[in-house]
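Owing to the predicted nature of the structure, the values given are computational and were not obtained by experimental measurement. The basis for the numbers below is simple: all heavy atoms, side chains too, and nothing from hydrogens, waters or symmetry mates. As the structure lists them, so they are numbered: ligands from 1, and atoms in each ligand from 1.
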Amino acid sequence: MRKKIVAGNWKMNKNLQEGITLAQEVEKMASGVSGEVELIIAPPFIHLTEVKKLLGRVKLGAQNCASEASGAFTGEVSAAMLASAGVQYVIIGHSERRSYYGETNSIINKKVRLALENNLHPIFCCGEVLSEREKGAHFDVVRKQVEEGLFTLSSEEFSKVIIAYEPVWAIGTGVNATPAQAQEMHQYIRSLIAGKYGETAANNTSILYGGSCKPSNAGELFANPDVDGGLIGGASLKADDFIGIAKAF
Ligand code: PGA
C-alpha cells in the first residue's frame, strides 16, 4: 500500500534560530497526527544538521541536491552530503528550480539518480504553467516531465520515488487546483506509471498535490482516491497550519 505523506517545503524562509523553533513545534504537535501519515519537513541546507537532532516522528528532507556527485562545483550540495547529514528525502525538480535556475528534465533525471544512489527518496515535482493549461497542453507537459525525469529508472529504483503534482499557477497564489483537477491529473500520472512499471507499482506510488494547500482545503483535496497527501509551501511555515493539513486525512 502506498503511504500518505504531508511534506513541508520551507523554501528560502526562516533563519537558523527560527527554523529550530519551527521544527521543535512541528515535532511536538506531530504526536496528534495519525500514525498512518508520514510527516516530512524540508528546511534550507544550513538548518539540516541542527534540525535533524530535534526530529523523531517527523522525517527530514532537503529542497534540492547537485546534479554531479562531487568535485569543483562551487556552492553546490551533493546527495551524498545530504545522506551523511541524516536526510531521508530530497525535493527534486521543483518548478522554482526549473524556471529560475534552468533545470531541465535531463538535469533533474541526473539528480534523481544521484539521490537514489545515496539512498534518498526523491520527491519529484511536475506540473504545468497557466498558459499550458489554458491551451489544453497540461497532460502532455506533465507526461514529458515524468517520462524524461523518471522513466529511465529501473522498477526497483522507481519504487523509492514520491511524485508531487504541483500546477505552477497554484503555487503561492492562493488559488489551489480544484479537487477534480487534482484527481484528474493524479489519475493520469498513475496511469502513466502503470503503463511503464505495471499496476502494482502504480498503486504503490504516493502522488502528492502541491499548490496553495492549506488546512481549509486539504480535506477535500486528500479525499480523492489518487491524492496521497501534499507538498506544502507557505502553510508549512506555521506549525499549526502544517499540522492542521496533516490532520485533514
Ligand atoms: P505553496 O507552495 O503551498 O506555497 O503554494 C507549494 C510548493 O511550492 O511546494
Side-chain angles (χ1 to χ4, degrees), residues 4-14 18-19 22-23 26 37-45 47-48 58-65 87-103 108 111-112 115 120-130 132-133 138 141-142 145-146 149 161-179 181-182 185-186 189 206-222 224 227-249:
K4 296 174 178 175
I5 298 169
V6 174
N9 172 11
W10 293 6
K11 306 192 181 181
M12 196 172 71
N13 293 294
K14 306 285 179 191
E18 292 164 346
L22 176 57
V26 171
V37 181
E38 183 94 295
L39 288 169
I40 302 166
I41 54 174
F45 286 139
H47 299 43
L48 292 170
V58 180
K59 305 285 188 273
L60 187 62
Q63 299 172 21
N64 183 27
C65 68
V87 171
Q88 294 144 295
Y89 297 86
V90 57
I91 298 169
I92 295 179
H94 190 280
S95 67
E96 288 150 18
R97 301 293 319 170
R98 291 177 187 264
S99 68
Y100 306 149
Y101 301 96
E103 291 193 10
I108 290 163
K111 294 186 175 197
V112 167
L120 300 172
H121 291 276
I123 302 176
F124 172 89
C125 301
C126 56
E128 79 286 356
V129 300
L130 186 58
E132 291 163 339
R133 178 162 281 264
H138 43 298
V141 168
V142 169
Q145 290 172 339
V146 170
V161 173
I162 297 158
I163 295 179
Y165 169 58
E166 301 205 300
V168 180
W169 46 271
I171 296 178
T173 59
V175 182
N176 58 288
T178 64
Q181 286 171 324
M185 184 59 86
H186 285 225
I189 294 169
S206 297
I207 307 178
L208 316 184
Y209 167 78
S212 299
C213 189
K214 38 190 182 270
S216 59
N217 61 21
E220 58 181 19
L221 287 159
F222 298 172
N224 289 286
V227 179
D228 306 311
L231 180 54
I232 318 301
S236 72
L237 297 174
K238 287 201 183 121
D240 272 347
D241 286 350
F242 183 63
I243 295 296
I245 291 170
K247 285 182 174 170
F249 269 114

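Closest approach of Gly210 to Pro167, counting heavy atoms only: O-CD, 3.4 Å.
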Below 3.5 Å only, please: the N or O atoms of ligand 1 paired with protein N or O atoms, distance on each line.
residue, atom, partner, partner atom, Å
ligand 1, 2 (O), Lys11, NZ, 3.4
ligand 1, 3 (O), Gly233, N, 2.9
ligand 1, 4 (O), Gly234, N, 2.8
ligand 1, 5 (O), Gly172, N, 2.6
ligand 1, 5 (O), Ser212, N, 2.7
ligand 1, 8 (O), Lys11, NZ, 2.7
ligand 1, 8 (O), His94, NE2, 2.6
ligand 1, 9 (O), His94, NE2, 3.4
ligand 1, 9 (O), Glu166, OE1, 3.4
ligand 1, 9 (O), Glu166, OE2, 2.6

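Considering only heavy atoms from C-beta on, Val168 stays 4.5 Å or farther from Glu132 through its side chain. You'll find the side chain of Cys126 reaches within 4.5 Å of the side chain of Val142, heavy atoms only.
Between the Asn9 side chain and the Gly233 main chain, no donor and acceptor come within less than 3.5 Å of each other. Under the 3.5 Å distance criterion, the side-chain polar atoms of Arg97 are left unmatched by any main-chain donor or acceptor of Gln63.
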Validation: residues 238-249 side-chain donor-acceptor distances under 3.5 Å, sequence neighbours left out:
none

